[in-house]
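These notes concern the structure reproduced below.
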Amino acid sequence: MVIPMTVNNDFLAQLNTSQRRAVEHFCGPLLVVAGAGSGKTRALTYRIAHLISYHQVEPESILAVTFTNKAAREMKERIEKLFAQEMAFKKHGIRFDLLNEYEQKQLLSKVYKSTTKKLWIGTFHSLCTRILRYDINKYQDERGRQWQRNFSIFDESDAQSLVKNIVTKQLNLDDKKFDPRSVRYQISNAKNLGLSPDQYLQKNPSYKSRVIAEVYNEYQSQLAANNALDFDDLILIPVRLFQQNESILGYWHSQFKHILVDEYQDTNQIQYELIRLLATNGETKKSEWNWQNRSIFVVGDADQSIYSFRMADFTILLNFQSDFGDGLPDDDTRTMVKLEENYRSRENILEAANHLIENNSQRIDKILKPTRGSGDFIYCYKADDEQIEAQLVIEHIQKLVRENPELNWGSFAILYRINAQSRPFEDRLIMNSIPYNIVGGFKFYDRQEIKDAIAYLRLIANPSDTVSLLRIINTPRRSIGKTSIESLLKAAQELEIPLWEIISDETSVNTLAGRAAKSVNKFAQMIKSFQEQLDSLSGAEILNQVMEASGYVDDLKQKGTEEADNRLANIFELYNAVLQFQEDSEDQSLQGFLSNASLASDLDDLKEGQEKVSLMTLHSAKGLEFPVVFLVGLEEGLLPHARSVSDPLSLEEERRLCYVGVTRAQEQLFLTYARERFVWGSKEAKMPSRFLQELPSDLIKSNVPPKVVKSRPSLTTSSPKILKQSNETWSVGDQVIHQVFGEGEITRILGSGKKSSLAIKFPGLGQKIIDPTIAPLKRNE
DNA sequence: CGCTCCCCCATTTTT
DNA sequence: TGGGGGAGCG
């Protein structure tokens, strides 16, 4: 598809110099250091559009890796729109938004078919899944284990129970000494470093590691037996495959000519290895690299690296210059661009953010340069406990909505360190019937009935998936009891074949299952019939039919409880999700939907323009922005989290987390903390977070009298005035309580004598002129 | 053999 | 504070 160059000139004109350098980059390596709100998504999308329309790059040879599915979707949509705008001008000679709805849709769908559909945009996990659906059958691990293309993706709880079973049942270990959760974590970390069980043991020689390596090894065997992979394998296996098979690597290397990585600071070793292999074809000598018609373009911000618990390593970003780039100092380099202009937040917010992050030692020097006005103060409130904290925040939101027509519920975000903090806010939002959206916590796909339904689908798609089989063989009740299952399972284990192979064979079942045989056979027959129709029925049809045929729906209908009704509704919602997926991706296969479902995150369905207050963790908030942000629970032990305070590096990550929170705010930022808080059912006294002291005090208005009273010289142009009236004396900087407007601070004294009045700034309400002789004011101590 | 009740344990962040 | 697992009962 060829698009006229005139278009490019249009969109390039909207960019600043640095953005333009990034967008116009064609071949070779480039690191884009992109501060919060500096328009990095714009740089990414424009560059992709530019590659295609100006440099005539084939869309299918572009690989763009994002951190969330949502980011991937947004990027596709934005690129789609860019091209549609171009085409509108070219074909109809008018602006895209002036076309009627039908013409718009038609253009978008045309662009989708010709361009965006062919782009490889997605998360590491989803892109790797796509690669594995082609090539996993060519892979063999160090112990000869193999997988088939229809592999299942095990979620964290599947993985967890597998590990737990190995630790406690198979190896009979003391689960106090070998906590299954921590063992699982160790295994995950090993995989993220690219280590096999043996390599892990070699690197950490100790008794404990020997045991963990043993569990790891057995865990891999069980995954293979289920023809299943965990999240980490999705990336580890392509890397191993590329390392062991030159021609497969060669194929994908020549497929992906232009590689873009968003949130590069959050990549871990194995992801880095994947990118390195694809970009360089595995050639380690830098001098041998051929960048002709190829590029590696990464975008990131070390100050927003908040995923080290997932083995993310921002030194990978810090090393980009020496890894891929020219390694020259900042002023001379041609392989790095810094985006420092911030288009999101008010100056006061940026100043606070810059000030805070300067307390970190490990970073690339970079400041956020304001492009908007200074804005209001940052307000900081101390509450007695988490209930009062929530009340304060919600009342404030109501007040702001009442008094600012440009704000609606969707303008607000409440950000916290841990999910458990959400409850009091939720309670109060419900009490006041304010619509809200909570991201995280329990996910849709974690619900029992959804996991059951998915288990049916997984078993149909992948008969080796014994974990799924065991989940649903007697759900709903088919009087297939423990003992019958036990004996079938034992046979399968002895023969080292998947349980399904026993269960799907009538004779074997008759021999082993006793009275349950009839039920087992009937069940197997049902699953078989769906397996036969795997290619002829769509995912949605299979789901619909299997939920009926299995008796799952009838079972719930018969129960008739409110809970059962809810579950039915959820299953229907799942059905809608399959339909939606089929429509969006044009992928009708069950397989496609299952992969998508496994990799879906809660954040992905956070819809914009919903006019709902958003509640989420700081981690979930990355990449988002809101006019008004409440950063809550700023207490020692919470932010920074108690588990991080003893380690300087973790503490820096907590500070980055706080920085991420601060930089989400466009217009106004509120900070809150509680004096005491319920933790595990008992009240605990809390100290204000150390990060509060790291913010510039002259930008912050607090409801706690500061120890040293500082007035802002910039606000009082003349020498400080004092207003004396009746028996009260008022001066600039005084904290007051107004009967109607609440707490405020005197910012100015106007006039003199009888005619004088006070300018008082009320948090969130702005500045008001008040005559203290008419409106009673109280001093706020 | 399945269900319910009770006790104990756990909370950092997530693709 | 809630969910999961184990024990005991119907």
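In what follows, chains carry the letters A, B, and so on, assigned in the order in which the sequence lines appear, proteins first and then strands, with residues in each chain numbered from 1.
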For B:dT15, does either OP1 or OP2 sit under 4.0 Å from a side-chain N or O belonging to A:Asn192? no
What is the distance, rounded to the nearest whole Å, between atom CD of A:Glu386 and atom P of C:dT1? 11 Å
Tell me, what's DNA chain C's dot-bracket, Watson-Crick or G-U with both distances under 3.5 Å, | for other-strand, [ ] crossing? .|||||||||
Looking at the side chain of A:Lys164, which of C:dG5, C:dT1, B:dT13 is the nearest nucleotide? C:dG5
For B:dT14 and A:Ser620 - does any side-chain N or O of the residue sit under 4.0 Å from the phosphate oxygens OP1/OP2? yes
A:Lys683 NZ to C:dT1 C1', straight-line distance once rounded to whole Å: 14 Å
Taking all non-hydrogen atoms of both residues into account, name the closest pair between A:Tyr219 and A:Lys191 and its distance. CE2-NZ, 3.5 Å
Could you state the atom-to-atom distance from CD of A:Gln160 to C1' of C:dG4 in whole Å? 13 Å
In chain order, what residues pass the salt bridge (Lys or Arg N to Asp or Glu O under 4.0 Å) check against A:Glu573, with sequence neighbours excluded? none
From NE2 of A:His125 across to C1' of B:dT14 the rounded distance in Å is 9 Å
Any idea which of C:dG5, B:dT15, B:dG2 is nearest the A:Arg477 side chain? B:dG2
Would you find a donor on one side and an acceptor on the other, under 3.5 Å apart, between the side chain of A:Asn226 and the backbone of A:Gln222? yes
Grab the CZ-C1' distance between A:Arg478 and B:dC1 for me, whole Å please. 17 Å
OP1 or OP2 of B:dT14 less than 4.0 angstrom from a side-chain nitrogen or oxygen of A:Asn419, does that happen here? yes
DNA chain B: 5'-proximal contact among A:Glu653 and A:Ile480 (nearest heavy atom): A:Ile480
How about CZ on A:Arg363, more than 12 heavy atoms from neighbouring residues, nucleotides or ligands closer than 6.0 Å, or not? yes
Among the nucleotides B:dG2, B:dT15, B:dT13, which one has an atom lying closest to any side-chain atom of A:Glu156? B:dT15
For A:Asp179, which contact category applies under a 4.0 Å heavy-atom criterion: base, sugar-phosphate, or nothing? nothing
How would you list, by chain and number, every residue that makes a salt bridge (Lys or Arg N to Asp or Glu O under 4.0 Å) with A:Arg656, sequence neighbours excluded? A:Glu653
Base, sugar-phosphate, or nothing: which does A:Tyr307 touch, judged by heavy atoms less than 4.0 Å apart? sugar-phosphate
In whole angstrom, give the distance that lies between atom CD of A:Glu263 and atom P of B:dT15. 12 Å
Ignoring backbone atoms, establish whether A:Ser479 has a side-chain N or O less than 4.0 Å from OP1 or OP2 of B:dC1. no
Would you mind reading off the distance between A:Tyr264 atom OH and B:dT15 atom P, rounded to a whole angstrom? 21 Å
Taking the minimum atom-to-atom distance to the side chain of A:Thr483, which one of B:dG2, B:dT15, B:dC1 wins? B:dC1
CD1 of A:Ile438 versus C1' of B:dT14: gap in Å, rounded? 16 Å
Using atom types as modelled and distance alone, determine if a side-chain donor or acceptor of A:Gln265 lies under 3.5 Å from a backbone N or O of A:Asp301. yes
A:Phe309 has its side chain closest, among B:dT15, B:dG2, B:dT13, to B:dT13
State which of B:dT15, B:dT13, B:dG2 makes the closest approach to the side chain of A:His619. B:dT13
Specify the closest pair of heavy atoms between A:Gly539 and A:Val578, including all atoms of both residues, with the distance to one decimal. C-CG1, 3.7 Å
What's the gap between B:dT13 and C:dG4 when it is taken at their C1' atoms, as a whole Å value? 22 Å
Using a 4.0 Å heavy-atom cut-off, does A:Phe67 contact any base of the nucleic acid, only the sugar-phosphate backbone, or nothing at all? sugar-phosphate
Nearest heavy-atom contact between A:Glu652 and A:Asn359 is OE2-O, 4.4 Å
